[in-house]
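The structure appears below as structure tokens.
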Amino acid sequence: MFFSTGEASGDMLAAELANAIRAIAPDTTFAGIGNERMEAAGFTLTERTTRWASLGPIEALGRIPPLLWSGVRHAVWLRRSPWDLVVLVDFGAFNLRVARALRALGYRRPILYFVPPGAWFDKPKQARAVARDTTALAPFEHQRAFYASLGLPVVWFGHPLASLV
């Protein structure tokens, strides 16, 4: 399975999901875009996200060209060497573009969006973009209801951090 994250919270969620999957299917192989937690969970990292986060729009502007290049490069690589499953974790500005690029390149294998964008804001445009190219795995019941109200497919699983509270 190939995972794509972009920030510390996604790195943590990806590692936890991989550990849960490995408990059921111990021979599963993981690779992806991430950081230390994914690496500790046994992922082969194709790119580190260490310098991807930014504070404010000025700092974010400098991150855009390398992020766009990374997304295109990974989409082409995944099309040429497809994995059984691609799992996008949060980080909507990047991962929605990766999903769109994969589908435009003819990628037909499953793409799951674990914690899709709009988890906090319920934006119809984002929800439709997620549903067009992926299967949404929503952490919040209200997000499941929101997707369903738009007639979009969605799976609700409960927030993985709820058990820590």
Are any non-hydrogen side-chain atoms of Leu96 and Phe91 less than 4.5 angstrom apart?
-> no
Answer whether the closest heavy-atom distance between the side chains of Pro116 and Gln143 falls below 4.5 Å.
-> yes
Quick one: closest heavy-atom pair of Gly32 and Phe43, and the distance?
-> N-CD2, 4.1 Å
Taken to the nearest 0.5 Å, the spacing of Glu36 CD from Arg48 CZ works out to 5.5 Å
Pairwise distance OG1(Thr44) to CE(Met38) - rounded to 0.5 angstrom = 10.0 Å
Of all heavy-atom pairs linking Tyr147 and Pro153, the shortest is CD2-O, 3.9 Å
Heavy atoms only: give me the nearest Ala41-Asn19 pair and the separation to one decimal.
-> CB-OD1, 3.8 Å
Look up atom CZ in Arg22 and atom OG1 in Thr28, then write down how far apart they are to the nearest 0.5 Å.
-> 7.0 Å
Please report the shortest heavy-atom distance between Trp156 and Pro139, naming the atom on each side.
-> NE1-O, 3.5 Å
Give, for atom CZ of Arg109 and atom CG of Leu102, the distance between the pair rounded to the nearest 0.5 Å.
-> 12.0 Å
Would a 4.5 Å heavy-atom cut-off, applied to side chains only, mark Met1 and Asp84 as touching?
-> no
Arg128 (side chain) donor-acceptor with Arg132 (main chain) under 3.5 angstrom = no
Nearest heavy atoms of Trp83 and Thr29, plus distance in Å = CZ3-O, 3.7 Å
Any side-chain heavy atom of Val86 sitting closer than 4.5 Å to one from Leu112?
-> no
Do Thr134 side-chain atoms and Val130 backbone N/O form a donor-acceptor pair below 3.5 Å?
-> yes
When rounded to the nearest 0.5 angstrom, what is the spacing between CG in Leu85 and CZ in Phe2?
-> 11.5 Å
Would Glu16 and Arg37 pass as an ion pair if we require N to O under 4.0 Å?
-> no
State whether the side chain of Asn35 and the backbone N or O of Asp11 hold a donor-acceptor pair below 3.5 Å, judged by distance alone.
-> no
Answer yes if the ring centres of Phe146 and Phe140 are under 6.0 angstrom apart, and no otherwise.
-> no
So, the side chain of Tyr113 versus the backbone of Leu137: is there a donor-acceptor pair under 3.5 Å, distance only?
-> no
CA sep, side-chain torsions, deciding dist, call: Ser4, Asn95, side-chain hydrogen bond (donor to acceptor under 3.5 Å, both in side chains) | CA-CA 7 Å; Ser4 175; Asn95 279 329; 2.6 Å; yes
So do Leu88 and Ile111 actually touch side chain to side chain, heavy atoms under 4.5 Å?
-> yes
Side-chain heavy atoms of Val72 within contact of Leu68, under 4.5 Å | no
Using the six-membered ring wherever Trp is involved, compare the ring planes of His74 and Trp77 and label them parallel, tilted or perpendicular (cut-offs 30° and 60°).
-> perpendicular
In terms of the angle between their ring planes, are Phe3 and Phe30 parallel, tilted or perpendicular, with boundaries placed at 30° and 60°?
-> perpendicular
Is any side-chain heavy atom of Leu13 less than 4.5 Å from a side-chain heavy atom of Phe114?
-> yes
Separation between CG of Asp90 and OG1 of Thr5, rounded to the nearest 0.5 Å = 9.5 Å
Minimum heavy-atom distance Ala138-Arg144, with the two atoms named | CB-N, 4.2 Å
